[in-house]
Amino acid sequence: MDYGFAFRPGELDRAAQLRPADAARGDARARALVFWRGKILADETGRPVPVALDHPAFVDAREAPLFVGLTPDGPRFAVDLPLWSPPEDATTIGQFIDQSQQVHPGFPEAKFVEIRGLMPRLARLDGECIATGRALIGWHAAHRFCANCGAPSAVESAGWVRKCPQCGTQHFPRTDPVVIMAITRGDRLLLGRSPAWPERMYSLLAGFVEPGETIEAAVRRETLEESAIKVGPVQYIASQPWPFPMSLMFGCHGEALSEEITVDPMELSDARWVSRDEVLQILAGAHPQINQPRPGAIAGALIEAWVHGKLFDAGYWGN
């Protein structure tokens with residue numbers, strides 16, 4: 001994993017020229033990554049398990065595997081198995097921290113595991129394939145019907161288009177832009193926590209970019225809405241694909257113009273300024289009130305870069 005966070009792109013050949021004719025599906029080396037309720041099929045070491053496209057377990061899929069791209073080992077696809085239900089109680093599935101693992105009868109030596117828990121260990125290519133596949137699957141699951149006329153739509157171009165047979169409208173996968181920002185005031189950093197998060201979990205403030213809005217404006221608006229902190233200059237730092245379900249995180253820095261915090265209780269249960277020494281404690285797991293950042297997410301990478309003076313170092317981020 002590079003630069004402290006997962007899903008960095010660059011090693012997957014997306015081979016868009018193969019999509020219209022679905023040309024990669026006939027390659028004997030083609031394999032699919034298998035997903036279920038957002039989880040990935042992985043072996044005991046946490047590596048994703050590639051499966052042949054004609055595997056009998058795919059009877060539990062609603063649609064054919066979607067083309068992700070080309071790897072040195074051959075084409076990679078992604079398939080979802082929404083028609084399967086595990087025999088055990090699955091009430092924890094989808095919760096913020098889901099440590100449960102499920103075994104599909106078609107894959108007795110592998111398990112479906114939560115992707116967030118794998119992030120720190122993912123090889124760069126595996127992470128890119130997983131992020132692309134999960135985001136594609138999430139988009140298809142939410143766009144099975146034509147937004148123009150309401151008729152069921154059909155998959156085309158190996159999964160990169162849905163077309164309505166009723167009105168002919170084509171629909172293309174979308175990515176939701178999200179800003180996540182290191183807001184600083186002198187030698188202090190702004191952290192907040194969502195009401196739904198586990199105790200002691202804090203992170204950088206974040207929010208969706210609205211229509212007609214720039215990244216910089218979104219940083220200022222979201223920070224003001226959530227904490228009442230006014231932000232001046234904003235600078236883009238780095239980005240991270242975030243397939244939960246299909247976002248792109250724009251990591252930014254913002255310079256605070258005010259320091260008195262008033263939280264929006266609908267958005268945050270708490271927000272606070274932390275000093276550089278406190279951040280070093282947090283990263284070391286020694287802070288009395290705040291846990292270490294989740295490994296693999298760009299939030300932790302931004303926090304660590306700020307405390308070590310690397311936030312504006314383009315070479316550090318590989319930009």
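Atom CD1 of I261 and atom CD1 of I229 lie 5.0 Å apart (nearest 0.5 Å). To the nearest 0.5 angstrom, I303 atom CD1 is 5.5 Å from L191 atom CG. To the nearest 0.5 Å, atom CZ of residue R25 and atom CG of residue L53 are 6.5 Å apart. Interatomic distance, D270 CG to S194 OG, rounded to the nearest 0.5 Å: 11.5 Å. To the nearest 0.5 Å, the span separating CG on D13 from CG on L70 amounts to 5.0 Å.
Considering only heavy atoms from C-beta on, P72 comes within 4.5 Å of L125 through its side chain. The shortest distance between side-chain heavy atoms of R174 and F172 falls below 4.5 Å. Residues V79 and F58 have side chains in contact (heavy-atom distance under 4.5 Å, counting atoms from C-beta outward). The shortest side-chain heavy-atom distance between P86 and W36 falls under the 4.5 Å cut-off.
A side-chain donor-acceptor contact under 3.5 Å links R272 and Q289. Looking only at atom types and distance, the side chain of R193 has a donor-acceptor partner in the side chain of S269 under 3.5 Å away. Between the side chains of H143 and S153, no donor-acceptor pair is found at a separation under 3.5 Å. Using modelled atom types, one finds a donor on one side chain and an acceptor on the other under 3.5 Å when comparing T132 with R14. Of the N and O atoms on the side chains of Y202 and N291, not one donor lies less than 3.5 Å from an acceptor on the other residue. Side-chain contact, D98 with S100: a donor N or O sits under 3.5 Å from an acceptor N or O.
Of all non-hydrogen atoms in P243 and A135, the two that sit nearest each other are CB-N, 4.1 Å. Nearest heavy atom pair, residue L33 against residue C129, reads CD1-CB, 3.8 Å. A78 and G133 get closest at one heavy-atom pair: CB-CA, 3.6 Å. Nearest heavy-atom pair across H104 and G106 is ND1-N, 2.8 Å.
Formation of a donor-acceptor pair under 3.5 Å by the R19 side chain with backbone atoms of W160 is not found in this model.
Residues satisfying the side chain to side chain donor-acceptor pair (under 3.5 Å) criterion with D73, sequence neighbours excluded, are absent altogether. A search for side chain to side chain donor-acceptor pair (under 3.5 Å) contacts involving R185 returns E259, not counting sequence neighbours.
Checked for salt-bridge contact, R124 and D126 miss the test: no charged N lies under 4.0 Å from a carboxylate O. Taking 4.0 Å as the cut-off between side-chain N and carboxylate O, E156 and R162 do not count as a salt-bridged pair. Checked for salt-bridge contact, D187 and R276 meet the test: a charged N lies under 4.0 Å from a carboxylate O. A salt bridge links R221 and E225; the closest N-O separation between the charged side-chain nitrogens and carboxylate oxygens is under 4.0 Å.
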Passes salt bridge (charged side-chain N to carboxylate O under 4.0 Å, His left out), D43 versus K111? Steps please.
CA-CA 7 Å; D43 62 21; K111 296 179 179 179; over 6 Å; no
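By the rule that hydrophobic residues join a cluster once side-chain heavy atoms approach within less than 4.5 Å of another member, L136 and F7 end up as members of one cluster. F244 and L302 fall within the same hydrophobic cluster, where Ile, Leu, Val, Met, Phe, Trp and Tyr residues are linked whenever their side-chain heavy atoms come under 4.5 Å apart, directly or through other members.
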